[in-house]
Amino acid sequence: MNIFYYDVAVSLPLRQCFTYSSDIKIKKGTRVLVSFGKRKLVGVVVKNSKKPNSLKNTGALKKIISILDDYPLFDKSIFDSILWASDYYHHPIGEVFNNFIPTDLRKINNKKIEKVEEVDNYSVNEDNKQFELTKDQEKAVKKLSKFEGFLPSLLYGVTGSGKTEVYLRLAEKCIKSNKSVLILVPEINLTPQLLSRFENRFNGEIGIYHSKQTAAKRLKTWLKAKFGAIKIIVGTRSSALIPLSNIGLIIIDEEHDQSFRQSEGFKFSARDLSIKRAQMAEIPIILGSATPSLQTLRLVKESKFQRVDILSRVDGNKPPKLIVLDINNSPLNGGIALETIDVIQSTIERNEQVLVFINRRGFAPLYQCGGCGWVAGCKSCDTNLVFHQSKNRLICHRCESAYSVNVNCPACNAKDFHMHGVGTERVEEVLKKSFAGTPVIRVDHDSTKKIGAMEAIVNKIHSSDAAILVGTQMIAKGHDFPKVTLSIILNADNGLISPESNALEKISQLLIQVSGRAGRNNNLAKVIIQTRYPDDINLNKIKTGDYMNFASQCLSNNRKMNLPPYTPLCLLRCSSPTQKSNIDFLNKAVHTLTNRPGINVIGPLPSLVSKAKGSYRHQVYIHASKKTYLNKVLKFLTEEFEKWPESKKVRWSFDLDPIDLG
Ligand code: ADP
Ligand code: ZN
Ligand code: ZN
């Protein structure tokens, strides 16, 4: 009898595979049941292995208990993308697999991969095509429809240029040649419009896949996609590696969006992983945005990506004017300047809509005792509690713990409390008082939590005439609100003066995206940016509305300063119940790296939120001259860490190409 040996990845935080034997031939990527210590675990066959030397004579090697499916989980291109990701991000292989396996297939249960019959009722609903493509759209579709081989493209389309229509036409071409399409969006619940446009355009099921669905629903969609019963999937980052049979195209909408980055557990960028997948599958990938990331722009500059532009809006209008409003001498009510109130007034008198952007939810971000200055803070995080009027609670935005509102100060027993700062609820309250009779619609994490809530809000916005929308960045994401002719940004200053090296990229994207919500179908639309730094040099560049020009300057600057995307960066993050354990571990790591050429290490430093959920958090920045070199260094570090007693006392992780630098 032949005996085969296999390296199996088990779902544990271990950076290695384990060898098991079987007398059956098993395909790579197949789920198997194995015993591990005293436990039984679901594992994935990663590769064929040789009989381990140490067992040459004894033959005592654990056998694979059973093979769980008749089919491997993934085809070769996805499988290889997972191996790449584990290697690139230095993350335990089993956990990387787990990120892309539906929950129901990760556990020991009676669920298995069962074939779903393919359906062939996919067709295009021609009645849904209500307009001619603009010249720019036409050109873009033509240029992007070469569905052959790995071909990454940036689709740069100013807001309102009709990018979605381009996606629809490209998807149509795919479907007609019997190929499937994956469309990744930042947050599905926030963009019901994109989804419904796909649903209206195609006859046949559009699969939806994201982490807020039930496990059963996700498994169903996953299986249908795998066996060709669904040919179009719209999903979030967790669907980056969904197995779509005969995939022909990947589209990443709003590619600059930070939601494509997973920052807990396996820290990866779904955008970058998708590019890898497209390369492995040898298919085109399109990254669409009105404010492309610097990373993508660098790739365009180096001719690794082709660039396709849609520079005109479908309505033929110019983008709105951005106006900087100096608020240094203006009295503010709920963060809103008097001048701003006047402009809102005249806008709603014209029966148009206003969008007010404020980057904080809740009512007031600071709840303080007037007697002694005590400030309400979270017990398990190093953060101030935010007062939420709608719930009458003080809430930690880091861990979501809710506290009842203090009546007496715990420090001095006074009953005199003050609230400082402004959040969406407070802005909503002030606007409701100032504009009684006009609907004020709040769009934030709290108002959109329930299933279907966002859809209801979007419907309300569309069916109202004059209205004021108040929201966090949720409201800036890809929506199409044709009646909005005035956007107001209450506070851009934190972004302008932030020391984070990617702050300007983030704030310019945000300002342009928010302003892009205004002025569809209207040439007189404008955007007001309230600021205490009206002369800020960057603000004045962003104000021109020419994102590409500003981004290009940021790019040259980052190149000169050796910053990402030119210099690769990794954050070594660590957390533990004591500061000492963190510092001991990180100091040893820093010491290990000093005097190495081509490596620049900064830290240990406390993280921006230095304590969260009861653990202290510290970090070290590791810059390297080249990505391949950084990769080597991180490999070396990983091997070192496994030997150190200091690393047993902390939870450490690498955050490669991080977005959140604090
Ligand atoms: P973007 O994503 O580039 O901001 P959208 O795709 O949301 O823009 O398009 C904005 C609006 O324009 C949508 O309501 C869409 O139906 C409409 N639209 C798209 N293409 C055309 C066109 N060629 N002619 C008229 N309207 C169009
Ligand atoms: Zn007090
Ligand atoms: Zn907390």
Side-chain angles (χ1 to χ4, degrees), residues 128-141 155-171 183 185-186 191-198 200-201 251-255 257 286 288-292 308-317 319 367-386 393-403 406-418 458 462 476-484 512-521 609-615 617:
N128 182 255
K129 293 184 189 163
Q130 290 148 346
F131 36 69
E132 299 269 298
L133 292 182
T134 63
K135 276 214 178 74
D136 277 359
Q137 284 175 322
E138 187 100 51
K139 267 198 236 157
V141 171
L155 175 61
Y156 166 61
V158 298
T159 49
S161 62
K163 284 186 292 295
T164 314
E165 186 60 34
V166 173
Y167 303 154
L168 288 165
R169 300 291 169 118
L170 296 170
I183 301 118
V185 295
T191 45
Q193 282 167 314
L194 180 129
L195 181 64
S196 67
R197 272 158 74 183
F198 271 86
N200 294 336
R201 179 61 55 88
I251 295 169
I252 304 193
D253 189 29
E254 312 290 354
E255 67 92 23
D257 199 289
I286 296 167
S289 177
T291 53
V308 177
D309 289 354
I310 318 185
L311 299 176
S312 54
R313 288 188 163 207
V314 290
D315 54 23
N317 287 328
Y367 189 76
Q368 189 175 35
C369 168
C372 72
W374 174 88
V375 171
C378 179
K379 290 199 174 78
S380 27
C381 309
D382 169 33
T383 47
N384 295 333
L385 297 176
V386 179
R393 283 275 182 285
L394 292 163
I395 294 177
C396 170
H397 283 190
R398 176 59 48 169
C399 70
E400 291 296 319
S401 300
Y403 299 76
N406 303 71
V407 183
N408 295 69
C409 171
C412 74
N413 219 25
K415 285 188 164 76
D416 171 30
F417 283 101
H418 298 274
V458 167
H462 284 299
K477 291 191 179 186
H479 298 283
D480 184 22
F481 300 132
K483 291 179 206 160
V484 171
I512 300 287
Q513 290 289 343
V514 173
S515 63
R517 300 310 122 212
R520 309 210 167 179
N521 315 315
V609 176
S610 61
K611 190 180 169 203
K613 300 179 191 176
S615 289
R617 298 148 36 112

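Atoms within each ligand, like the ligands themselves, are counted from 1 in listed order. Atom set for the values below is all heavy atoms of this structure, side chains included, hydrogens, waters and symmetry mates excluded. Computed from a prediction, not measured in an experiment: that's the story for all the values here.
- Residue contact check: Leu133 has heavy atoms under 4.0 Å from atoms 23 (N) of ligand 1.
- Counting only distance, with no hydrogens or angles, the side chain of Arg398 and the backbone of Asp382 share no donor-acceptor pair below 3.5 Å.
- Close approach to Thr134 involves these atoms of ligand 1, each under 4.0 Å from a residue heavy atom: 23 (N).
- Distances between N or O atoms of Gly162 and those of ligand 1 include at least one value under 3.5 Å.
- Computed with the Zn ion (ligand 3) at the centre, the Cys396 SG to Cys399 SG angle is 110°, stated to 10 degrees.
- Looking at heavy atoms from C-beta onward, Pro482 lies in side-chain contact with His462 at the 4.5 angstrom threshold.
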Determine whether Gln137 and Arg169 satisfy the following criterion, side chain to side chain contact (heavy atoms under 4.5 Å, CB included), listing intermediate values before the conclusion.
CA-CA 10 Å; Gln137 284 175 322; Arg169 300 291 169 118; over 6 Å; no

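- If you check the side chains of Gln193 and Arg197, you find no donor sitting under 3.5 Å from an acceptor.
- Within 6.0 Å of CD on Glu400 lie more than 12 heavy atoms contributed by other residues, nucleotides or ligands.
- Closest non-hydrogen pair, Cys396 versus Thr383, comes out as SG-OG1, 3.4 Å.
- Ligand 1 has Ser161 within reach: a non-hydrogen atom of the residue lies less than 4.0 Å from it.
- Counting only heavy atoms from C-beta outward, the side chains of Ile310 and Leu155 approach each other to under 4.5 Å.
- Under 2.8 Å from the Zn ion (ligand 2), one finds the following protein N/O/S atoms: Cys369 SG, Cys372 SG, Cys409 SG, Cys412 SG.
- Close contacts between ligand 1 and Thr159 involve ligand atoms 4 (O) [criterion: under 4.0 Å to a heavy atom].
- Set against the non-hydrogen atoms of Glu132, the atoms of ligand 1 under 4.0 Å away are 22 (C), 23 (N), 24 (N).
- At a heavy-atom distance under 4.0 Å, only side-chain atoms of Asp480, from C-beta outward, approach ligand 1.
- Under the 4.0 Å criterion applied to side-chain N and carboxylate O atoms, Glu165 and Arg201 are assigned as salt-bridge partners.
- Using a 4.5 Å heavy-atom cutoff, the side chains of Ser161 and Tyr156 are not in contact.
- Considering backbone and side-chain N/O atoms, Gly160 comes within less than 3.5 Å of an N/O atom of ligand 1.
- Taking the side chain as every heavy atom from C-beta outward, Cys412 and Trp374 never approach each other to under 4.5 Å.
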Side chain to side chain contact (heavy atoms under 4.5 Å, CB included) assessment of Val407 paired with Phe417
CA-CA 8 Å; Val407 183; Phe417 283 101; 5.9 Å; no

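- Only the side chain of Val314 comes within contact range of ligand 1, with a heavy atom under 4.0 Å; no backbone atom does.
- Counting only non-hydrogen atoms, the option in Gln193, Lys163, Arg197 that gets closest to atom 7 (O) of ligand 1 is Arg197.
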